[in-house]
Amino acid sequence: MHASILPLSTSNPPYSTLRPHSSSRLCGLQREAFGFCSPPQFRSRNLRAVPAKTHSRRLSVFSTSNTAAGNRSSAPASFDYDLVIIGAGVGGHGAALHAVEKGLKTAIIEGDVMGGTCVNRGCVPSKALLAVSGRMRELQDEHHLKALGLQVAAAGYDRQAVADHANNLASRIRGNLTNSLKALGVDILTGFGTIVGPQKVKYGKIGSSDNVVTAKDIIIATGSVPFVPRGIEVDGKTVITSDHALKLEFVPDWIAIVGSGYIGLEFSDVYTALGSEVTFIEAMDQLMPGFDPEIGKLAQRVLINPRKIDYHTGVFATKITPAKDGKPVTIELIDAKTKEPKDTLEVDAALIATGRAPFTKGLGLENINVETQRGFVPVDERMRVIDADGNLIPHLYCIGDANGKLMLAHTASAQGISVVEQLTGNDHVLNHLSIPAACFTHPEISMVGLTEPQAREKAENQGFEISIAKTSFKANTKALAENEGEGLAKLIYRPDTGEILGVHIFGMHAADLIHEASNAIALGTRVQDIKFAVHAHPTLSEVLDELYKSAKLNSHNTKPASEPVAV
């Protein structure tokens with residue numbers, strides 16, 4: 001899901017400038033990275049750039065002229081570590097493992113629990129719950145089972161056992177992460193990490209004395225927390241965030257989900273499979289606004305319309321009051337455009353799925369003249385932190401949700417590995433448009449690159465044409481054998497060059513299928529090359545095989561861009 005979370009403070013930052021919206025995602029996709037309006041820190045800031053080839057372990061120590069006015073102490077002459085990472089989620093863990101592989105003496109600071117949000121409050125426990133909802137749907141679908149010649153008695157579940165399954169999985173993965181770091185010699189420093197000056201970090205538990213360590217390089221990997229808009233009172237019982245929902249302390253008869261992005265969609269899948277009725281509250285004019293519109297339309301027909309789900313679009317939930325003294329949860333809605341009162345709902349519970357906010361408060365960024373933008377740490381394309389004057393700060397990096405480029409756990413890990421490559425003398429820039437995302441509903445949704453509207457806007461601005469190719473799961477032998485023919489794959493590409501701009505899949509195992517397209521974009525593989533790749537028959541991968549083969553290129557680009565090797 002998301003990158004690591006290091007709770008440096010018990011209070012959430014005041015995100016009054018953030019409007020409640022539905023781009024929330026459990027393994028969320030940051031819209032700015034895909035061509036929407038970028039946050040201020042990602043726009044051009046006239047950086048005084050450090051040449052890429054010099055930005056390695058051999059960089060000169062932090063100059064006192066680049067420090068904040070209130071902290072002009074010089075950098076240490078020697079260091080305790082080559083690399084210190086603040087935050088031990090997926091991003092910090094991935095960076096630490098790669099650093100050790102590269103021979104760097106590494107320490108990781110964690111003030112909460114190993115694994116951060118993804119392992120403890122995100123990807124891992126949510127997939128455990130979704131595995132249960134998937135099985136329940138199969139057992140409850142009499143028509144589907146009858147088509148396969150199967151007869152199954154009424155399915156039921158043990159709520160506590162389901163919750164235990166999610167919790168036990170998180171505990172197991174958390175233990176694996178801890179053991180892997182210890183086995184490789186990474187020092188695990190327990191406490192809240194704060195940057196106190198150039199290449200200096202203090203850490204310690206609340207109420208105990210602080211320890212200070214020095215490092216040639218520092219990576220911030222503190223992750224994010226659920227974003228709760230003003231006016232919403234979270235009690236953790238009847239008005240909850242995804243953190244609470246993953247504990248599955250009860251299954252309400254009727255639950256409102258505020259936000260129809262990844263988080264909201266996945267929990268609607270879980271709750272409806274377990275017997276709840278769901279009402280979506282969405283600020284945008286349509287559900288699933290972050291998805292490719294065509295995929296979203298099909299997904300709504302399959303994931304929402306047939307299920308016990310209704311919805312209100314184009315509205316804000318301005319006030320939500322928890323259930324108390326026998327009264328239900330009350331939700332006051334206003335029109336998103338006119339701000340006029342629209343309706344009042346009374347439900348058994350409400351899940352706030354309005355996105356995630358970076359957790360960067362208490363990091364000590366003021367000590368090094370860094371100002372966050374809406375809580376995000378400003379970075380350049382190499383994850384180097386930018387100070388308030390537009391200068392790159394040597395030896396300081398920020399990865400994952402805390403920088404806001406693409407709020408996905410595997411993005412944080414990839415960014416961390418990219419940084420370590422730079423520290424060891426290998427310049428590396430991550431192509432964020434090649435990073436896939438997935439929504440683990442039943443069926444699944446996955447995507448990489450641009451949506452069709454984004455691609456058309458880019459094409460218009462840059463003066464080229466785009467083409468669309470589509471294939472249906474109904475034509476795939478394996479999908480038909482599984483009686484799971486509902487699905488669509490969509491390719492957005494340039495017919496003049498064969499460049500793949502985006503791929504979107506809705507259907508069985510979409511989250512697994514997307515990686516072939518993701519790797520093609522990352523490696524610069526063109527349609528004219530990949531359409532000759534061989535896929536095993538009968539497999540779901542042939543959905544993509546047919547997709548590539550159906551793409552129509554301009555006549556001068558029908559031959560492969562690279563020469564095949566005969567063996």
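Just so we're clear, the structure is a prediction, and the values are computed from it rather than from any experiment. Computation of the quantities below employed the complete heavy-atom set of this structure, encompassing side-chain atoms and omitting hydrogens, waters and symmetry-equivalent molecules.
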Donor-acceptor pairs under 3.5 angstrom involving side-chain atoms of residues 502-509: please list them, not counting sequence neighbours.
residue : atom : partner : partner atom : Å
His504  : NE2  : Leu450  : O            : 2.8
His509  : ND1  : Asp512  : OD2          : 3.3

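In this structure, Ile368 and Asp387 approach most closely via the heavy-atom pair O-CB, 4.2 Å. In terms of heavy-atom proximity, Val448 sits nearest to Ile521 at CG1-CD1, 3.9 Å.
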Side chain to side chain donor-acceptor pair (under 3.5 Å) between Thr241 and His244, worked out | CA-CA 5 Å; Thr241 67; His244 307 108; 3.2 Å; yes
Intermediate values then yes/no, side chain to side chain contact (heavy atoms under 4.5 Å, CB included), Met447 and Phe291 = CA-CA 8 Å; Met447 69 290 297; Phe291 295 91; 3.5 Å; yes
Taking it one step at a time, do Glu381 and His432 satisfy side chain to side chain donor-acceptor pair (under 3.5 Å)?
-> CA-CA 10 Å; Glu381 72 281 0; His432 287 78; over 6 Å; no
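Applying the side-chain contact (heavy atoms from CB on, under 4.5 Å) criterion to His98, with sequence neighbours excluded, gives Glu101, Lys102, Ile417, Val420, Glu421. In this structure, Asp164 has no salt bridge (charged side-chain N to carboxylate O under 4.0 Å, His left out) partners at least two apart in sequence or on a different chain. The side-chain contact (heavy atoms from CB on, under 4.5 Å) test applied to His515 returns Pro436, not counting sequence neighbours. Contacts of Ala520 classified as side-chain contact (heavy atoms from CB on, under 4.5 Å), with partners at least two apart in sequence or in another chain: Ile500, Thr525, Ile530. Every residue two or more places apart in sequence or in another chain was checked for a salt bridge (charged side-chain N to carboxylate O under 4.0 Å, His left out) with Lys105, and none qualifies.
Distance check: Cys439 SG to Ile263 CD1 gives 10.0 Å after rounding to the nearest 0.5 Å.
For the residue pair Asp217 and Gln199, no side-chain donor N or O sits within less than 3.5 Å of a side-chain acceptor on the partner. There is a side-chain donor-acceptor pair under 3.5 Å between Glu516 and His535. Between the side chains of Thr441 and Asp269, no donor-acceptor pair of N or O atoms lies under 3.5 Å. In this structure, a donor-acceptor pair under 3.5 Å is absent between the side chains of Thr451 and Asp292.
The distance between the ring centers of Tyr262 and Phe267 does not fall below 6.0 angstrom.
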